[in-house]
Each structure stands twice: as C-alpha cells, then as structure tokens.
Amino acid sequence: MKYHVTLSGMGCAHCISRVSNAMNTIGADVISIELNSLVIDFGEDTSPVREAIEELGFEVKSIEAE
C-alpha cells in the first residue's frame, strides 16, 4: 500500500538521508521524500514506520493511505 507520511523536525539533506535509510532498513519502498514529507510503499501495519522515524528523533504527524 502507498502511504503519505507527514512529520516534523527534518531540517536538511542529512535528515532526508537518515529517514530514507531507516525506511530501507524496515523494507519500505521510498517513492518520494522531501523535508517533513515522504511517500512510501509498505504493508498494512504502519507501526514499524512510525517507530523507525521516531527512533531518529522526528515526530510523525500523520500516516495516511493514498
């Protein structure tokens, strides 16, 4: 499923890289990513997505199916 993830706290290209790497680690396919927003393809349970992002110190505002 495709999801649009909105988060806060990302401020630079390094942040984007860290989030992208975290998504790859949990098996999420990153479709697009920019500051405080990404679109991924992932399974139905999005809790690993939220956990991976929050472990990096960013706040997940929403995860919405597209």
Side-chain angles (χ1 to χ4, degrees):
M1 288 183 79
K2 282 187 184 178
Y3 296 96
H4 180 255
V5 183
T6 304
L7 53 145
S8 66
M10 293 173 69
C12 65
H14 180 68
C15 295
I16 290 172
S17 177
R18 291 177 60 217
V19 170
S20 182
N21 288 339
M23 294 299 97
N24 290 332
T25 298
I26 63 167
D29 183 23
V30 177
I31 297 168
S32 69
I33 187 168
E34 55 189 54
L35 291 178
N36 297 317
S37 176
L38 65 147
V39 177
I40 58 170
D41 188 8
F42 195 66
E44 290 185 27
D45 179 14
T46 59
S47 59
V49 173
R50 181 177 296 277
E51 291 169 9
I53 292 170
E54 290 177 348
E55 282 180 12
L56 295 174
F58 303 115
E59 179 185 355
V60 176
K61 297 283 190 173
S62 67
I63 301 175
E64 298 177 8
E66 288 200 336

Engineer: Search all heavy atoms of Cys15 against all heavy atoms of Gly9 and return the closest pair with its distance.
Structural biologist: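 That closest heavy-atom pairing would be SG-O, 4.4 Å.
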Engineer: Suppose the criterion is side chain to side chain donor-acceptor pair (under 3.5 Å): which pairs have a residue in residues 17-40, not counting sequence neighbours?
Structural biologist: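 Every pair satisfying side chain to side chain donor-acceptor pair (under 3.5 Å) with a residue in residues 17-40: His4-Ser37.
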Engineer: What residue pairs, at least two apart or across chains, pass salt bridge (Lys or Arg N to Asp or Glu O under 4.0 Å) with a residue in residues 40-54?
Structural biologist: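 Checked against salt bridge (Lys or Arg N to Asp or Glu O under 4.0 Å) - neighbours excluded - the pairs reaching residues 40-54 are Arg50-Glu54.
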Engineer: Only counting residues at least two apart or in another chain, list the ones meeting side chain to side chain contact (heavy atoms under 4.5 Å, CB included) with Glu55.
Structural biologist: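 Side chain to side chain contact (heavy atoms under 4.5 Å, CB included) check on Glu55 returns nothing, list empty.
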Engineer: Give the other cluster members for Met1, using side-chain heavy-atom distances under 4.5 Å between Ile, Leu, Val, Met, Phe, Trp and Tyr residues; answer none if it is isolated.
Structural biologist: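 When side chains under 4.5 Å apart are linked, the cluster holding Met1 also contains Tyr3, Val5, Leu7, Met10, Ile16, Val19, Met23, Ile26, Val30, Ile33, Leu35, Leu38, Ile40, Phe42, Val49, Ile53, Leu56, Phe58, Val60, Ile63.
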